[in-house]
Amino acid sequence: MSERDERPGRTVRKAVIPAAGQGTRFLPATKAMPKEMLPVVDTPAIQYIVEEAVRAGLTDVLMVTGRNKRSLEDHFDRNVELEVGLQAKGDDAKLARVQESTDLAQVHYVRQGDPKGLGHAVLVAEQHVGDEPFVVLLGDDIVDARDPLLDKMIEVREQHGGSVVAFMEVPEDQIHLYGCAVAEPTGVEDVVRVSGLVEKPKREEAPSNLAIIGRYLLDPAVFAVLHETPPGKGGEIQLTDALQVLARSDAPGGGVHGVVFRGRRYDTGDKLDYIKAVVRLASEREDIGPDLRAWLGEYVAAGAGAPS
């Protein structure tokens, strides 16, 4: 266990990662492979998410999975045959890379069954989480290791209680793609008090340009609310609907604050943004970054995409 896990006053130690989606935007690649296992350079997207949780001291991780997701479990389990083979070759560097995912955290798994929305995925985690606050991390958003968003969210939770949601500012013509906040300033930079949430509003109906990104720190009071939350948009149980109730509640566990994130975020939610994420992260690596940046410069200068 890292030193960060032993910091005094740490009140959050569990993370929930919903991973039951079918990844239809990435077909045919996801016909037989979970979207979460798509490589971002040479590391599966899901490993970036677990690493982020661990950096914030969240070493108890629950993945909410579905059918055809067995490779997620295999990735975070030992592969004895592979390890023995690498040891025999004396390839210590690759062996360390293989063992890294195994040693990251204590990872648990539960199946969602029929996916009925993010709110339903959170409900599936209730028995594991119990009466503790917990973080929900969505796999479509990779947050750069240099920008400790979860640490800030935990700090806000420790100051105010209740739940905390991560936001980013987006252009008005993109707000319909996200959940959106009704928020007011708190006097602390980039921390807001949330009084309402709207799931994917029309541009002209959006109350702000603060869009929810895939990080939530939830009070366990959310479970009782989710049990009473009817299906919303798309016939699914929406987490934003439950947070709307908590935002207006004075009961224990009520209240919602937001952290406006201005750091580096890599969106792997659709094909173009996924490619951008791979290029951005690869270009910053010491081993392949210099050659990649040089090639990109030459490619653009030569008229990118032009027939040869």
Side-chain angles (χ1 to χ4, degrees), residues 1-6 13-23 26-112 124-125 127-128 135 137-146 150 266 268 274-275 277-292:
M1 185 173 291
S2 68
E3 291 181 2
R4 301 190 61 164
D5 305 333
E6 299 170 358
R13 63 187 188 93
K14 292 183 177 180
V16 174
I17 303 176
Q22 294 181 325
F26 283 84
L27 286 170
T30 51
K31 178 181 178 182
M33 179 175 68
K35 181 188 72 171
E36 296 83 7
M37 288 298 296
L38 290 174
V40 181
V41 191
D42 56 4
T43 301
I46 191 68
Q47 184 169 327
Y48 285 93
I49 307 305
V50 175
E51 287 173 350
E52 180 188 352
V54 171
R55 286 194 301 271
L58 312 175
T59 55
D60 183 332
V61 177
L62 176 70
M63 289 192 192
V64 181
T65 68
R67 290 180 289 274
N68 302 320
K69 300 281 185 170
R70 181 60 183 269
S71 59
L72 292 176
E73 298 184 35
D74 290 341
H75 180 70
F76 292 98
D77 197 0
R78 290 194 64 191
N79 185 328
V80 177
E81 295 82 1
L82 178 59
E83 292 178 23
V84 169
L86 291 172
Q87 284 177 328
K89 293 179 181 179
D91 197 336
D92 294 336
K94 287 182 182 176
L95 178 61
R97 291 284 285 161
V98 167
Q99 293 175 332
E100 183 180 5
S101 60
T102 306
D103 299 333
L104 268 176
Q106 183 65 49
V107 184
H108 311 269
Y109 304 89
V110 63
R111 287 202 174 193
Q112 186 175 0
V124 170
Q127 184 172 358
H128 181 84
V135 170
L137 303 95
L138 305 190
D140 285 348
D141 290 299
I142 295 175
V143 173
D144 196 289
R146 295 165 291 185
L150 294 184
Y266 311 103
T268 60
Y274 169 78
I275 293 168
V278 172
V279 172
R280 289 173 63 187
L281 286 166
S283 67
E284 294 186 359
R285 287 184 36 162
E286 293 182 1
D287 56 346
I288 59 176
D291 287 343
L292 176 60

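FYI, the numbering just counts along the sequence from 1. The figures that follow rest on heavy atoms only: side chains count, while hydrogens, waters and symmetry mates do not.
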Novice: Please name all residues satisfying side chain to side chain contact (heavy atoms under 4.5 Å, CB included) with S283, sequence neighbours left out, ordered by chain then number.
Specialist: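 Residues passing side chain to side chain contact (heavy atoms under 4.5 Å, CB included) with S283: L292, R293.
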Novice: Hey, does L38 have a side-chain heavy atom less than 4.5 Å from the side chain of T268?
Specialist: no
Novice: Is the closest side-chain heavy-atom distance between L104 and E51 below 4.5 Å?
Specialist: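 Yes; the side chains approach each other to less than 4.5 Å.
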Novice: Do the non-hydrogen side-chain atoms of D60 and K14 ever get within less than 4.5 Å of each other?
Specialist: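 Answer yes - side chains close enough.
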Novice: The criterion is side-chain hydrogen bond (donor to acceptor under 3.5 Å, both in side chains); which residues satisfy it with E73, sequence neighbours excluded?
Specialist: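 Once residues adjacent in sequence are excluded, E73 has no partner under the side-chain hydrogen bond (donor to acceptor under 3.5 Å, both in side chains) criterion.
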Novice: Side chains of N68 and P34: does their closest heavy-atom pair fall under 4.5 Å?
Specialist: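 Side-chain contact under 4.5 Å: no.
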Novice: How far does CG of L58 sit from CZ of R13, to the nearest 0.5 angstrom?
Specialist: 10.5 Å
Novice: Using the side chain to side chain contact (heavy atoms under 4.5 Å, CB included) criterion, which residues pair with L82? Sequence neighbours excluded.
Specialist: N79, L86, V98
Novice: Please list, chain by chain and in numerical order, all residues satisfying ring-ring contact (aromatic ring centres under 6.0 Å, His included) with H75, sequence neighbours excluded.
Specialist: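 Applying ring-ring contact (aromatic ring centres under 6.0 Å, His included) to H75 gives none.
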Novice: Starting at CD of E52, measure out to CD1 of I17 and round the result to the nearest 0.5 Å.
Specialist: 9.0 Å
Novice: What's the shortest heavy-atom distance between V278 and P39, and which atoms?
Specialist: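 For V278 versus P39, the nearest heavy atoms are CG2-O, 4.2 Å.
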Novice: Give, for atom CG of L138 and atom CD1 of I49, the distance between the pair rounded to the nearest 0.5 Å.
Specialist: 8.5 Å
Novice: Give a yes or no on whether the backbone of A19 and the side-chain of T65 come within a donor-acceptor separation of less than 3.5 Å.
Specialist: no
Novice: Can you tell if the side chain of V124 reaches within under 4.5 Å of the side chain of L62, non-hydrogen atoms only?
Specialist: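 A side-chain contact is absent here, since even the closest heavy-atom pair is not under 4.5 Å.
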Novice: Which residues satisfy the side chain to side chain contact (heavy atoms under 4.5 Å, CB included) test with A45, sequence neighbours excluded?
Specialist: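 V40.
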Novice: Would a 4.5 Å heavy-atom cut-off, applied to side chains only, mark M63 and H108 as touching?
Specialist: no
Novice: Can you tell if the side chain of V107 reaches within under 4.5 Å of the side chain of Y109, non-hydrogen atoms only?
Specialist: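 V107 vs Y109: side chains touch.
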Novice: Taking only residues two or more places apart in sequence, or in another chain, which ones meet F26 in a ring-ring contact (aromatic ring centres under 6.0 Å, His included)?
Specialist: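 Result, ring-ring contact (aromatic ring centres under 6.0 Å, His included) vs F26: Y274.
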Novice: Are K94 and K89 close enough that some pair of their side-chain heavy atoms sits under 4.5 Å apart?
Specialist: no
Novice: Does V143 form a side chain to side chain contact (heavy atoms under 4.5 Å, CB included) with Y48? I'd like the steps, not just the answer.
Specialist: CA-CA 8 Å; V143 173; Y48 285 93; over 6 Å; no
Novice: With sequence neighbours excluded, give me every side-chain hydrogen bond (donor to acceptor under 3.5 Å, both in side chains) pair touching residues 27-46.
Specialist: K35-D140, E36-K69, D42-R97, D42-R285, T43-R97
Novice: Go through the structure and list residues passing side-chain hydrogen bond (donor to acceptor under 3.5 Å, both in side chains) with Q87, not counting sequence neighbours.
Specialist: none
Novice: Using 0.5 Å steps for rounding, measure from the OG atom of S101 to the CD atom of Q47.
Specialist: 5.0 Å
Novice: Applying side-chain hydrogen bond (donor to acceptor under 3.5 Å, both in side chains), can you list everything that pairs with Y266, at least two apart in sequence or on another chain?
Specialist: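 Checked Y266 against side-chain hydrogen bond (donor to acceptor under 3.5 Å, both in side chains); matches are D144.
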Novice: For D291, check salt bridge (Lys or Arg N to Asp or Glu O under 4.0 Å) against everything at least two apart and list the hits.
Specialist: none
Novice: Between CE of M37 and CD1 of I46, what distance do you get to the nearest 0.5 Å?
Specialist: 9.0 Å
Novice: Over all heavy atoms of both residues, which pair between A53 and L150 is shortest? Give the atoms and the distance, please.
Specialist: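 Distance-wise, the nearest heavy atoms are CA-CD1, 4.1 Å.
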Novice: Under the rule for salt bridge (Lys or Arg N to Asp or Glu O under 4.0 Å), what residues qualify as partners of E284, not counting sequence neighbours?
Specialist: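 If we apply the salt bridge (Lys or Arg N to Asp or Glu O under 4.0 Å) test to E284, skipping adjacent residues, the hits are R146.
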Novice: Taking all non-hydrogen atoms of both residues, which atom of A15 and which atom of L137 are closest, and how far apart?
Specialist: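 Scanning both residues, the minimum pair turns out to be CB-CD1, 3.7 Å.
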